[in-house]
**Student:** 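Structure incoming, see below.
Below, read A as the first sequence line, B as the second, and so on, with proteins coming before strands; counting in each chain starts at 1.
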Amino acid sequence: MAELNLLEAINQAIDEAMAADERVYIIGEDVGYRGGVFRVTDGLINKYGEKRVIDSPLAESIIVGSSIGAALYGMRPIAEMQFADFIFPAFNQILSEAARMRYRSNNEWNVPMVIRAPYGGGIHGALYHSQSIEAFFTHIPGLKVVAPSTPYDAKALLLASIADPDPVLFLEHKKCYRLIKGYVPDAPYTVRIGEADVVREGDDISVIAYGLMRHYAVEAAETLASEGISVEVVDLRTLTPLDKTTVLNSVKKTGKALIVYEDNEFCGYGAEIAALIAQEAFEYLDGPVQRLGGLDIPAMPYSAPLENEFMPTPQKIADRLRDLAAF
Amino acid sequence: MKQERDQTHLLEMYRLMRLARSLDERMWQLNRQGKAPFVISCQGHEAAQVGAALALRAGHDWVVPYYRDLGVVLTMGMTPREVMLALMAKAEDPNSGGRQMPAHYSHRKLNIVSHSSPTGTQVPHAVGIGLAAQMRGDDIVVWTAYGEGTSSQGDVHEAMNLAGVMKLPVIFFCENNGYAISVPQRKQMGVENVADRAAGYGFPGVVVDGTNVLEVHEATMAAVERARRGDGPTLIEAKCVRLTAHSSDDNDRTYRTAEDLKAMKAQDPVVKFETYLTSEGILDDATKTKILNEIKEAVNDATKYAEAAPLPDPATVKRYVFAE
Ligand SMILES: Cc1ncc(C[n+]2csc(CCOP(=O)(O)OP(=O)(O)O)c2C)c(N)n1
Ligand SMILES: [Mg+2]
């Protein structure tokens, strides 16, 4: 058992995967001697060489597109997007190619590839270094989207993503990179893609969250506990395929649900969760299904008070929970 | 002996070009009869396609084609039956089981990679295959094709750039027929030759007459050798003619004059090669009749086979989104 932060846990997972399997390689901008701008791939080029840790030209579509080709040839590429905000030049390759390859070839071809993307705000990254991108990608059949929030989950889920025979978008919350620490076993362990986790049990309200918002939700839940309101927190961990059972079981128990996510609220990922609850747990509900997302403005501004206004915070979550508890 | 071998090789070229043409013509007939909703043609590209593909080692090298490449996939080993199964969207179609439009080729056993409809997205895949082969030390060559209109796509440029940086064993094969649907080359690019752009990526660009199968073959052989030596990519631009409308949904008379079409027909690569082989005494009447009869039989057989083959079961529509 070692205490690692999220970034170190991800580094460890890549390292282990590369040591175990020659087919695994990394490609991305500055992933080599710099070790990535966040240092996630730190030290790997010294261990595995330039052939398996590839500093690519500055062009996202070829980072993903070439990874698709290599995966078709039998490799297990890990493609890094320097920031999730810059994944959009590769959107077509992900949507039209990686995610459809198996379906369109009637199961003849598949794309075992992981795209890692640091996302999320609260780090003074402004409009183009703060975005949450999951809504665009969870809409795509054929693509798995994983968004762990703890070092324990991140390590196991990244290993599971690399081993997965289909393309996985692996979202790493930038604010969690160094902020969130936790114990990671030395011995092998697994967390399966598609399984949510009840990280805090409660009776009155369910909060469904992921990424940084899972930690904020736990903070809010602790505040509310001192006020006599018992909040359950579900960390989705995987966004697609969604663990409907865990979400529905929690809401059926508490009768109330708040979905918290950092992305723009309108048409955001939380809308799908709200629809799921409304459709499949209606008769268990004691209050309206609630969402708390980022503001519906183009993206997060730079200046601290503006950024803070955009983000759901533990206080904003606590306020919404109080309202919902009183309903 | 050598001459005999050469003659066999030349007649094989001819057979493949003729086969591609005949299958293609049959597809249009089936389209007119309402039996095939969509056709997109190789007509006018046969020399470029067969000349290039015969420079590759079938089953060993990898091919990442585009929708016009009927001549390529036939040369790599796809059968007329398999082509017709795709045309009629039958369950047994090895390209996609009837999921994609016709001419979206794929054949895993033949190393023909599945491609889609957005133009140019296949080119990065070819580069990734080359990268993987280089990493593994395999001596394969990856051949990929696209039209001159598609050469405007960013993916094509990003792909050439990475291939140039890493000296990957990739052949970029641009089949320039002068049109992207209706848009002529002069509205597509500020250069005279697509091949001129290779210089910007640090590897050779070669222009060949895409209606001359021997010229294309020679240029591709050189590119293959270069790639296998580890010297990196080549961009070959084959100047072709498009003898049909863009597709069965297009009417090219709205943007091409009868004179234009006549001039193009004069460049028909199949007729040109046939004339050449006849004048060289390589193709006599008896041989020609034999080849054409065999092709006719193969096309008839493929048509009948595909017509009788079952359609996909609607119950399969949700299968293979992910591994099962
Ligand atoms: C990204 C994208 N934009 C538009 C189209 C529609 N489209 C299909 S083929 C084509 C023209 C392609 O021309 P070219 O690359 O020269 O190939 P050719 O058909 O002439 O062989 C267009 C515009 C498409 N399939 N994909
Ligand atoms: Mg064209």
**Student:** Please determine whether the number of non-hydrogen atoms from other residues, nucleotides or ligands lying under 6.0 Å from atom NE2 of A:His139 exceeds 12.
**Tutor:** no

**Student:** Heavy-atom pairs under 4.5 Å with chain A are the metric here; pick the option from B:Lys109, B:Met166, B:His115 that has the most.
**Tutor:** B:His115

**Student:** At a heavy-atom separation under 4.5 Å, does A:Arg100 approach chain B through its side chain, its backbone, both, or neither?
**Tutor:** neither

**Student:** Which residues, numbered in order, of residues 194-204 of chain B come under 4.5 angstrom of chain A by heavy-atom distance?
**Tutor:** none

**Student:** Please check: side-chain N/O of B:Arg99 versus main-chain N/O of A:Tyr103, any donor-acceptor pairing under 3.5 Å?
**Tutor:** yes

**Student:** Please indicate whether B:Phe38 has more than 12 foreign heavy atoms, meaning atoms of other residues, nucleotides or ligands, lying under 6.0 Å from its CZ.
**Tutor:** yes

**Student:** To the nearest 0.5 Å, tell me how far A:Trp109 CH2 sits from B:Ile112 CD1.
**Tutor:** 9.0 Å

**Student:** Name the member of A:Arg23, A:Glu22, A:Lys144 that forms the most heavy-atom pairs with chain B at distances under 4.5 Å.
**Tutor:** A:Lys144

**Student:** State, without any angle test, whether A:Asn107 and B:Glu324 hold a side-chain donor-acceptor pair at a distance under 3.5 Å.
**Tutor:** no

**Student:** Where along residues 121-150 of chain B does a heavy atom come under 4.5 Å of chain A, listed by residue number?
**Tutor:** B:Thr121, B:Pro124, B:His125, B:Val127, B:Gly128, B:Ile129, B:Leu131, B:Ala132, B:Ala133, B:Gln134, B:Met135, B:Arg136, B:Asp138, B:Ile140

**Student:** For B:Arg108 and A:Leu72, work out which heavy atoms get closest and say how close.
**Tutor:** NH2-O, 3.8 Å

**Student:** How long is the straight-line distance from NE2 of B:His107 back to OG of A:Ser105, given to the nearest 0.5 Å?
**Tutor:** 12.5 Å

**Student:** Can you confirm whether A:Phe136 is buried at CZ, in the sense that more than 12 heavy atoms of other residues, nucleotides or ligands lie under 6.0 Å from that atom?
**Tutor:** no

**Student:** Run the numbers on B:Ser114 and A:Glu108 for side chain to side chain contact (heavy atoms under 4.5 Å, CB included), then give the verdict.
**Tutor:** CA-CA 9 Å; B:Ser114 163; A:Glu108 281 291 303; over 6 Å; no

**Student:** Does a sphere of radius 6.0 Å around CD in A:Glu272 hold more than 12 heavy atoms from other residues, nucleotides or ligands, not counting ones at 6.0 Å or beyond?
**Tutor:** no

**Student:** So for A:Pro165, is it side chain, backbone, both, or neither that comes closer than 4.5 Å to the heavy atoms of chain B?
**Tutor:** side chain

**Student:** Considering only heavy atoms, which portion of A:Asn106 lies under 4.5 Å from any heavy atom of chain B: side chain, backbone, both, or neither?
**Tutor:** both

**Student:** Taking side chain as everything from C-beta outward and backbone as N, CA, C, O, which of these in B:Asn161 sits under 4.5 Å from a heavy atom of chain A? Side chain, backbone, both or neither.
**Tutor:** side chain

**Student:** Heavy atoms only, distances under 4.5 angstrom: which of B:Gly97, B:Gly154, B:Ala323, B:Ala163 has the most pairs with chain A? Name it, please.
**Tutor:** B:Ala323

**Student:** For residues 48-64 of chain A, give me every residue with a non-hydrogen atom less than 4.5 Å from any non-hydrogen atom of chain B.
**Tutor:** A:Lys51, A:Ile54, A:Pro57, A:Ala59, A:Glu60, A:Ser61, A:Ile62

**Student:** Which of residues 312-322 of chain B get closer than 4.5 angstrom to chain A, counting heavy atoms alone?
**Tutor:** B:Val317, B:Arg319, B:Tyr320, B:Val321, B:Phe322

